[in-house]
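Reading through the structure tokens given below for one structure.
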Amino acid sequence: MKSRNIISRALYMSFRACRGIFLLSLLAILSSCEKLVDFPADETGRIYINAMIGDPDNSRISVSVSQPTERPKQEYIKASKVRIEVEADGKALEVKHTDGTQTEAIYSVRGDFTSGQRLTLRTEVEGLPSVSAETVIPEEIPEVRISRSEDNQKCTFTLSVSEELKKKSFFGVQIMKRKVYEFAGNVPEKDKYYYESQPVKEQYAEFHETSYNMELGDISSISSTMSGQVHGQKMLITTGLAAEHETIINVPVKKSYSGMIQSSQGPKPEDNYAIYEKYEYRVMLFRLSPEIYNHLKARTIAEFSPLDPCLGFTTVTYTYTNVCDGLGFFGGVTTYASDWNKFE
């Protein structure tokens, strides 16, 4: 009986310790600067914002609408009906509806963007709560040097940013590629014309995701590298690596194979020719405001934190948002784009 009482007391003390840890963790979340929200059954409907503002050529806002659970399908609110206002330091910017579906609308935002501008967003639509958000455009990206190395499976682009690594600097990288043709020797005019008249198709290079380690931790911690989905395309999100007087960013992408696709060996040297298929690359580097980083990290945590259904638990579905009375993120960026280059 005495041993049973000792075991019961030990279990009770263990329960109290676990409860204390849980309460401390909950208090840390509630008292932090992060705004974490869960996904309850949506009785009123909600506006979802996905926005990166600051790129003069590609600042856009994606707006989605979750419908109230009791609303008939024929009364669903179209995303294109959402009215959007964006200001930079109190000055209204041009917002134009460009594309979308019934559930998503795409808006372009035009203006003269500069580092340090405070951007504000307000949206309104009948039948749903209005939402608002704020962000600040981060500082400009200084000089960037780019080199490339490769092995049998991947190409690694190394970006050297001429600044000391800052603890709260967040970068996003996308690599564009396009196929080009090179000619050697006396290529027949008809063959040259055929390849030169091919449409040039620009596409996103695919990341070699097993090449980097996603040590995610929680939302408030800093991860070195991860990937996120932005406007339908993957972006490598990183804080960079410290080096002397610069920040190093390594971007591994899957290798695109190229080489000779046509040749001819004639009886005379002047009859010889070859046609080569090669790839040019363009590096797109973004400095991200913290709101973008925090939201994409929350998405990644949810994606890579599955639980075995047999355990009887479900994954905690929380996210970060800086959109008041809505979901998603409203963030600022500054951009750098390299020239097209074969990087040979």
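Computed over heavy atoms, backbone and side chain alike; hydrogens, waters and symmetry mates excluded. Since we're looking at a predicted model, the values are computed, not measured.
Residues satisfying the salt bridge (Lys or Arg N to Asp or Glu O under 4.0 Å) test with K254, not counting sequence neighbours, are E206. Residues satisfying the side chain to side chain donor-acceptor pair (under 3.5 Å) test with T158, not counting sequence neighbours, are N250. Judged as a side-chain contact (heavy atoms from CB on, under 4.5 Å), and not counting sequence neighbours, the contacts of E124 are R83, S130. Residues passing the side-chain contact (heavy atoms from CB on, under 4.5 Å) test with D151, sequence neighbours excluded: Q153, K154. Residues forming a side-chain contact (heavy atoms from CB on, under 4.5 Å) with N152 (at least two apart in sequence, or on another chain): none. In this view, T120 and E87, R122, E134 satisfy the side-chain contact (heavy atoms from CB on, under 4.5 Å) rule, not counting sequence neighbours. For K177, there are no salt bridge (Lys or Arg N to Asp or Glu O under 4.0 Å) partners at least two apart in sequence or on another chain. Residues passing the side chain to side chain donor-acceptor pair (under 3.5 Å) test with E140: none are found, sequence neighbours excluded.
Among residue pairs with one or both ends in residues 94-153, those qualifying as ring-ring contact (aromatic ring centres under 6.0 Å, His included) are H97-Y107; sequence neighbours excluded. Pairs passing the salt bridge (charged side-chain N to carboxylate O under 4.0 Å, His left out) check and including a residue from residues 90-115, sequence neighbours excluded, do not occur.
Salt bridge present: E246 and R145 bring a charged side-chain N and a carboxylate O closer than 4.0 Å.
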Can you give me every donor-acceptor pair (side chain of residues 259-266, partner residue at least two apart or in another chain, under 3.5 Å) with its distance?
unit_1	atom_1	unit_2	atom_2	d
Q262	OE1	Y195	OH	3.1
Q262	NE2	D191	OD2	3.1
Q262	NE2	Y273	OH	3.2

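Here V200 is tied to no hydrophobic group at all, with no ILVMFWY side chain closer than 4.5 Å.
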